[in-house]
**Student:** 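Sharing a structure, written as structure tokens. Questions coming.
For the numbers below, each heavy atom of this structure counts, side chains included, while hydrogens, waters and symmetry mates do not. Position 1 is the first residue of the sequence, and the numbers go up from there.
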Amino acid sequence: MGFQIFNFEDNSNVSVVSRKGIFKVIQYDKDLSCTAEDAQTKFYMSQMNVKKRQLMITLNDESVNIQPGAMQWYVGDVHQTTGLKGIGDTIKKFFNAQVTGESTIKPQYVGTGVIVTEPSYKHYIIEDIDDWNGAMCVEDGLYCASETKVSLSASMIKSVSGQTIGEEGLFNLCLKGSGKVVLECDVPQEELITIDLHNDTLKIDGSFAIAWSENLDFTVERSGKTLIGSAMSGEGLVNVFHGNGKVYIQSRNLHSLADALTPFIPQSKD
């Protein structure tokens, strides 16, 4: 028994843009299957780094958790499980899913073989939890995959009033342990600003922080000391990180940018 994969990594149109541990990011440099009607659009997309990517996972008697619905195909002696360890673990993960809005019950793949995720125009960022003092929190919707040595749980956000305020919920997904995780992000790693805090404070307007050390004290506060001061500054509420740890910041919100450009994009007459 065994298998060989052809015309994938060895394809001249495919590049391996990142790899860590069992994870590898495959990128299609050009969209060779485009039609005459969309060739111009696809050309400019490729020039601006809008390219299809897939996450390739190679298991050697190992296991991995993947976001539900992300798997496209797998080959080898690999089988899928729920990864649940009894009724107590099921209840805990169900609660975490309810409060974070992110399913903490992930399909688990075990064995020896290769797994490939669905193509995406987003960017895959591979992180080592050891580089985050053993625990990192991430914004909703960014989780893609992780080694099963990494556990998923809910981390509570604090606030001045003790209530949910601003665009943030009360909980975020927290990844703990020792192993690699993969995030699926709107921006590439090259555009992520890294802030290392050494018993200091970082304040961010809006949800531009995509990942941060779990040991940081994270609160949502008024930008000014008073309601009038906050109103005068024009900022209102800000996300505040204090202590010792690391924060990843994306310098722009692509959803807001797309909304701003919508009036200038020609609309189809169909």
**Student:** Do the ring planes of F8 and Y28 sit parallel (below 30°), tilted (30 to 60°) or perpendicular (above 60°)?
**Tutor:** tilted
**Student:** Donor-acceptor check, side chain of N239 to backbone of F218, threshold 3.5 angstrom: yes or no?
**Tutor:** no
**Student:** My understanding is that only residues two or more places apart in sequence, or in another chain, count here; which of them pass salt bridge (charged side-chain N to carboxylate O under 4.0 Å, His left out) with D77?
**Tutor:** none
**Student:** Can you tell me if CD on Q40 sees more than 12 non-hydrogen neighbours from other groups inside 6.0 Å?
**Tutor:** no
**Student:** If every non-hydrogen atom of V114 is compared with every non-hydrogen atom of V116, which pair is closest and at what distance?
**Tutor:** CG1-CG2, 4.1 Å
**Student:** Is K20 salt-bridged to D128, going by a charged N under 4.0 Å from an acidic O?
**Tutor:** no
**Student:** I'd like to know if I5 and V78 are part of one continuous hydrophobic network [Ile/Leu/Val/Met/Phe/Trp/Tyr, side-chain heavy atoms within less than 4.5 Å].
**Tutor:** no
**Student:** Quick one: salt bridge (Lys or Arg N to Asp or Glu O under 4.0 Å) pairs with a partner in residues 40-51, sequence neighbours left out?
**Tutor:** D31-K42, D38-K42
**Student:** If hydrophobic clusters are built by linking Ile, Leu, Val, Met, Phe, Trp and Tyr wherever their side-chain heavy atoms come under 4.5 Å apart, do I115 and F3 end up in the same one?
**Tutor:** no
**Student:** Quiz question: by atom type and distance under 3.5 Å, do the side chains of K52 and Q27 form a donor-acceptor pair?
**Tutor:** no
**Student:** Run T41 and Y44 through side-chain hydrogen bond (donor to acceptor under 3.5 Å, both in side chains) and show every step you take.
**Tutor:** CA-CA 5 Å; T41 300; Y44 285 111; over 6 Å; no
**Student:** Distance alone, cut at 3.5 Å: any donor-acceptor contact between the side chains of S178 and D130?
**Tutor:** yes
**Student:** Linking I/L/V/M/F/W/Y whenever any side-chain heavy atoms sit under 4.5 Å apart, do L142 and V181 land together?
**Tutor:** yes
**Student:** Looking at H242, is its backbone amide N or carbonyl O close enough to the side chain of T201 to form a donor-acceptor pair, meaning the two atoms are under 3.5 Å apart?
**Tutor:** no
**Student:** In a table with atom names and distances, give each donor-acceptor pair under 3.5 Å that connects a side chain of residues 11-18 to protein atoms at least two apart or in another chain.
**Tutor:**
from: N11; atom 1: OD1; to: N13; atom 2: N; distance (Å): 2.7
from: N11; atom 1: ND2; to: N7; atom 2: OD1; distance (Å): 2.9
from: N13; atom 1: OD1; to: K30; atom 2: N; distance (Å): 3.0
from: N13; atom 1: ND2; to: K30; atom 2: O; distance (Å): 2.8
from: S15; atom 1: OG; to: D29; atom 2: OD1; distance (Å): 3.1
from: S15; atom 1: OG; to: D29; atom 2: OD2; distance (Å): 2.8

**Student:** Looking only at the side chains, is there a donor atom on one of Q189 and E127 sitting less than 3.5 Å from an acceptor on the other?
**Tutor:** yes
**Student:** Strictly distance-based, threshold 3.5 Å: is any side-chain N or O of R53 a donor or acceptor partner for the main-chain N or O of S120?
**Tutor:** no
**Student:** Going hydrophobic residue to hydrophobic residue with side-chain gaps under 4.5 angstrom, can you get from Y74 over to I57?
**Tutor:** yes
**Student:** Do Q80 and Q108 have a side chain donor and acceptor closer than 3.5 Å?
**Tutor:** no
**Student:** When you measure from the side chain of N244 to the backbone N and O of N199, does any donor-acceptor pair fall under 3.5 Å?
**Tutor:** yes
**Student:** Closer than 3.5 angstrom, by distance alone: can the side chain of E62 be matched with the main-chain N or O of N60 as a donor-acceptor pair?
**Tutor:** yes
